[in-house]
Amino acid sequence: MAKAAPLQSIDALSGVDARMQAIDKLEIMVGEVAREKARHRSNVLLKRAIRTWRKGDIVKAGQWALKATEADGDNSKAFHVLAMALERMGHLHKALVTYERAFQLDPEDPELLINLGLTAWNLKLTEGAARMFQLYIAACPDSPLGYNNLGSVMCDLGDPATGIETLRAALYRMPHEAILWNSLATVLAEEGRADESLVFYEEAARLQPDFARAYHNLGYAYQHLGRLEEALQSYDMALERVVDPSERRETSHSRAICLIGAGHLEEGFRDYEIRNDQRFRSYLHHMIDAPLWQGEPLEGKTLLMVGEQGLGDEFMFANILPDMQEAVGEAGKLQIAVDPRLVPLFQRSYPAAQVDTYDDRTLIDADGNKALRLIPFASKDNAPDYWAPMGTALQYCRKSLADFRHEAFLTPDPARVAEFRQKLAALPGRKVGLCWRSMMLGAKRAKYFSPIDQWGPVLKTEGVSFINLQYGDCAAELARAGEKFGVTIHQIEGLDLRDDIEGTAALCAALDLVLSAPTAAAATAGAVGAKTWFVTAGRTWPQMGTAEYPWYADTKVFWPEKFGDWAALMPRVAGELAAFAAG
C-alpha cells in the first residue's frame, strides 16, 4: 500500500530557498562574468578601431567598431566610435541614430551631445543642433566647444546677433581659447564683416601658432577684401601647419581659387584640380569608361567634355569648347554632356559635336554617400578615347589672360532673338535686363547679393526700360521695387526664366545690356555675347585680376571698395548706366 509523502518541514523549505538563492547568485555572477568577458572582447575590438582610425582608415575603423558593438550591445564607447565613422563616411542619418544609441547607454557622456549636435547640423536639423549644444554648455560650462558651435549655428538660424553675443560672452570667460576667437571671426566674416574679422583671426593664430584653420580663415577674409597676395600668404601658412587630410584639401582648393583670382592662371588652374580628388567634400564621381584627358594630342580622337556642377559654371567653363572642337579636328569627334536644359543651345552652337545630357545619381556604399554622374550616351560603342570635366581643360589651354578669346561661344536661336527684339521695340529707351540675386539664397550666400531695395539709384535711371531676368519667385520683390521707386520692371509673358534656357539666352541676346549679380543669368548673357555688367559684393575670382570677366565677349565688373557696401556702389553703377543710356 502506498504511503503518502511526508510534508516538508519549515527547515526543509528554508534549505530549498537557500539553494535557490545560491542558484540566483551564481546566475548573476555568471552573467556578470559573461558581461565582463563580452565587454573585454568588445574593448579589444574597439582599441583596434581607434588604432585604425589614427592611421586614417576610417572605413576599416568603422568595421572594427561595428564588431565591437556586436560583441557587446551595451558598450556606449563602441557605438560612439561607430557613429563617428559613419558620419565621416557620409552616412549621416545612420550616424545620428547610432549617436542616439550611444547616448541612451551613457547619458553622462557630454561628448556625445557635441557629436549629436554636429550631425544634426549637417542634416540641416539646425534647431535640434542648437539644443544639443546648449545641453553640452550646461554640462560642461568651462569647455569652449559648446559655445563655439552654438555661436555658429545661431547664424544659420538667422540670428547672428545671438551667435556673436554667445561667442563674446564665452571669450570673456575663456580669453585664452583660440577656437573661440576663430569662431567669432568666422561669424563676422559670414555676416559680410570680413574687415572686422581680421583682428580676431590674428589673435587666434597668436594664441595657437599651429592653428592651421585660423590661417586658412584669415586667407578667406583677405580674399573677400580683395587683398589676394595676403590671402595667398595666409593659405601657405595654413598648409605648413595643417595635419588633417580633409582640411588640407579644403585649404588647397581655397588657395587655387585665390591664385586664379589674382591672375596666376597656370598654377591656379593646375591646383584647381583638387576638386576632382575623390576625398574632396564635393567630389563628383564620373562613371565613364575612358581615361581622363591629361593634355595628350587630340587630333582624330573622340573627346567627351562634361559640364561642371552648377549652371553658371557650365556656361563659364564652356568657354573652352571652341578650343576642344579645333583640337579633335575634322577627323575626330567632340562629345558634350550638359544639363538637359542646355542641350538644344549647345547643339546649335557646336553642330559637328554630339551633345546630350548626363544622369546624376547617389550611391550609398561602405565608403559613404557618393554623388555619381553617368553619361549614358557616351558608352559602349560610342565611348570616347578621353574625357574631362570642362574646367580641367583650362590648365592646358588658358595659361594666361592672352589665351582668352573674348568672343561669344554659344549661339541663341535667331528666330527667338528676332521675336524678343520685336516685343522689346514697343518699350522706350535702352532695354536693360536685370537680375539681382541667385535663386539659392541661404544665410551664408546672402552677403554676395544686394536686395532689390538697394537698387534705387539704378532703377531711377532715365532713358532705360528694365526687363526682368530674375529667375525663381520674385513677384513680391518686383512689386516692392515698383512701389518704392516708381519703376516697372517688365516681364516677358510666358517665358520661364528658370527652365527655358533657350528663351533666356535669346532674350539676353536681344537686349542692349544685361545688368546682373554674378548669377546663371549673367553667365547665359555673357556666353551668347551680350553686353554684360556684373554687380558684385567684392572682387570675384572669375575676374582673374581684371575689371572684367575675360571668359566672355563684352563685360564690365562693378564692385565696392568695402565688401558689400551697396550704398556706395549703386550710385556709381547708376552713373555708368545713365551715360550708356544717353550714348
Side chains of W121 and D156, donor plus acceptor under 3.5 Å = yes
task = State, yes or no, whether a side-chain contact exists between F409 and L321 at a heavy-atom distance under 4.5 Å.
result = no
message = Closer than 3.5 angstrom, by distance alone: can the side chain of E326 be matched with the main-chain N or O of D323 as a donor-acceptor pair?
response = no
request  = Please assess S152 against E190 for the test side-chain contact (heavy atoms from CB on, under 4.5 Å), listing each intermediate value before the final yes or no.
outcome  = CA-CA 10 Å; S152 299; E190 292 293 354; over 6 Å; no
task = May I ask you to decide if V355's main-chain N or O and Q335's side chain share a donor-acceptor pair within less than 3.5 Å?
result = no
task = List the steps, then state whether side-chain contact (heavy atoms from CB on, under 4.5 Å) holds for W566 with V535.
result = CA-CA 9 Å; W566 306 111; V535 180; 4.1 Å; yes
query = Using 4.0 Å as the upper bound for N to carboxylate O, is an ion pair formed by R405 and E407?
reply = yes
ask   = For L469, does its backbone N or O pair with a side-chain atom of Q491 as donor and acceptor, under 3.5 Å?
value = no
request  = Please examine the side chains of C474 and R437, heavy atoms only from C-beta on, and report whether any two atoms are closer than 4.5 Å.
outcome  = yes
request  = Apply ring pair (Phe, Tyr, Trp, His ring centres under 6.0 Å) to H264 and list each qualifying residue two or more places apart in sequence or on a separate chain.
outcome  = none
side-chain hydrogen bond (donor to acceptor under 3.5 Å, both in side chains) involving K431 - partner list, sequence neighbours excluded = none
ask   = Would a 4.5 Å heavy-atom cut-off, applied to side chains only, mark Q294 and E296 as touching?
value = yes
inquiry  = We want to know whether Y350 and T411 form a side-chain donor-acceptor pair, criterion being a heavy-atom distance below 3.5 angstrom.
reply    = no
message = Please determine whether a side-chain nitrogen of the Lys or Arg among D359 and R373 lies less than 4.0 Å from a carboxylate oxygen of the Asp or Glu.
response = no
Please tabulate, for side-chain N and O atoms in residues 303-315, each donor-acceptor pair with protein atoms closer than 3.5 Å (sequence neighbours left out).
{"unit_1": "E308", "atom_1": "OE1", "unit_2": "R275", "atom_2": "NE", "d": "3.3"}
{"unit_1": "E308", "atom_1": "OE2", "unit_2": "R275", "atom_2": "NH2", "d": "2.7"}
{"unit_1": "E308", "atom_1": "OE2", "unit_2": "G391", "atom_2": "N", "d": "2.8"}
{"unit_1": "Q309", "atom_1": "NE2", "unit_2": "S282", "atom_2": "O", "d": "3.1"}
{"unit_1": "E314", "atom_1": "OE1", "unit_2": "D339", "atom_2": "N", "d": "3.1"}
{"unit_1": "E314", "atom_1": "OE2", "unit_2": "Y358", "atom_2": "OH", "d": "2.5"}

request  = Please check if any side-chain donor atom of Q354 sits under 3.5 Å from a side-chain acceptor atom of N382, or the reverse.
outcome  = yes
request  = Indicate yes or no for a side-chain donor-acceptor contact from R249 to the backbone of R279 under 3.5 Å, with no hydrogens or angles considered.
outcome  = yes
request  = Mind listing the closest non-hydrogen atom pair of A581 and R430 along with its distance?
outcome  = CA-CG, 3.8 Å
query = Any donor-acceptor pair under 3.5 Å linking the side chain of R539 with the backbone of G226?
reply = yes
query = Are any side-chain N or O atoms of D159 and backbone N or O atoms of C155, one a donor and one an acceptor, separated by less than 3.5 Å?
reply = no
remark   = Scanning both residues in full, the closest heavy-atom pair of V458 with F466 reads O-CZ, 3.3 Å
message = If I take atom OG1 from residue T357 and atom CG from residue L374, how far apart are they, to the nearest 0.5 angstrom?
response = 11.5 Å
ask   = Any luck finding a side-chain donor-acceptor pair between T546 and Q543 under 3.5 Å?
value = no
remark   = Rounded to the nearest 0.5 angstrom, the OH-CG distance for Y471 and D500 is 15.0 Å
Minimum side-chain heavy-atom gap E191-L188 below 4.5 Å = no
request  = List the atom of P571, the atom of A568, and the distance in Å for their closest heavy-atom pair.
outcome  = CD-O, 3.6 Å
ask   = So does D289 have more than 12 non-hydrogen atoms from other groups sitting under 6.0 Å from CG?
value = no
ask   = Just by distance, do the side chain of T488 and the backbone of H490 share a donor-acceptor pair under 3.5 Å?
value = no
ask   = Parallel, tilted or perpendicular: which fits the ring planes of F404 and W551, with parallel below 30° and perpendicular above 60°?
value = perpendicular
Minimum side-chain heavy-atom gap M287-I375 below 4.5 Å = no
query = Can you tell me how far the CG atom of D360 sits from the CG atom of L284, to the nearest 0.5 Å?
reply = 6.0 Å
ask   = Okay, side chain of S465, backbone of P428: is any donor-acceptor separation there less than 3.5 Å?
value = yes
ask   = Is the centre of the F449 ring less than 6.0 Å from the centre of the W436 ring?
value = no
query = Between L259 and G268, what is the shortest heavy-atom contact and its length?
reply = CB-CA, 3.7 Å
task = May I ask you to decide whether E266 forms a salt bridge with R270, counting only side-chain N to carboxylate O separations under 4.0 Å?
result = no
ask   = Residues in ring pair (Phe, Tyr, Trp, His ring centres under 6.0 Å) with Y235, at least two apart?
value = H216
ask   = Is there a side-chain contact between M324 and C397, using heavy atoms and a 4.5 Å cut-off?
value = yes
query = Are the charged groups of K531 and D512 less than 4.0 angstrom apart, N to O?
reply = no
query = Is there side-chain contact between T302 and V328, with at least one heavy-atom pair below 4.5 Å?
reply = no
ask   = Got a second to check how far N468's CG is from L497's CG, nearest 0.5 Å?
value = 6.0 Å
query = Donor-acceptor pair, T461 side chain versus L459 backbone, under 3.5 Å?
reply = no
request  = Look only at the side chain of S252 and the backbone of R248, and say whether a donor-acceptor pair between them is shorter than 3.5 Å.
outcome  = yes
ask   = Mind checking whether Y552 and H406 have ring centres under 6.0 Å apart?
value = no
ask   = Any chance the rings of F558 and F534 have centres within less than 6.0 Å?
value = no
inquiry  = Under a 3.5 Å cutoff, is there a donor and acceptor pairing between the side chains of H285 and Y283?
reply    = yes
key: Closest heavy-atom pair and its distance - V417, A509   = CG2-CB, 4.0 Å
request  = Enter the distance from L228:CG to Y222:OH here, rounded to the nearest 0.5 Å.
outcome  = 12.5 Å
ask   = Which residues pass the side-chain hydrogen bond (donor to acceptor under 3.5 Å, both in side chains) test with R572, sequence neighbours left out?
value = none
task = Answer yes if the side chains of R398 and N319 hold a donor-acceptor pair under 3.5 Å, and no otherwise.
result = yes
request  = Could you list the residues that satisfy salt bridge (charged side-chain N to carboxylate O under 4.0 Å, His left out) with D499, not counting sequence neighbours?
outcome  = R341
task = Look up atom CG in L96 and atom CG in L118, then write down how far apart they are to the nearest 0.5 Å.
result = 11.5 Å
query = With a 4.0 Å cut-off, would you call R348 and E502 a salt bridge?
reply = yes
request  = Establish, from distance only, whether the side-chain atoms of S254 and T251 form a donor-acceptor pair under 3.5 Å.
outcome  = no
key: W533 and T555, any side-chain heavy atoms less than 4.5 Å apart   = no
note = Taking every heavy atom of G192 against every heavy atom of F563, the minimum-distance pair comes out as O-CD2, 4.0 Å
message = Apply side chain to side chain donor-acceptor pair (under 3.5 Å) to residues T540 and Y549 and explain how you reach the verdict.
response = CA-CA 9 Å; T540 61; Y549 270 40; 3.0 Å; yes
ask   = For the rings on W455 and F485, is their centre-to-centre separation under 6.0 Å?
value = no
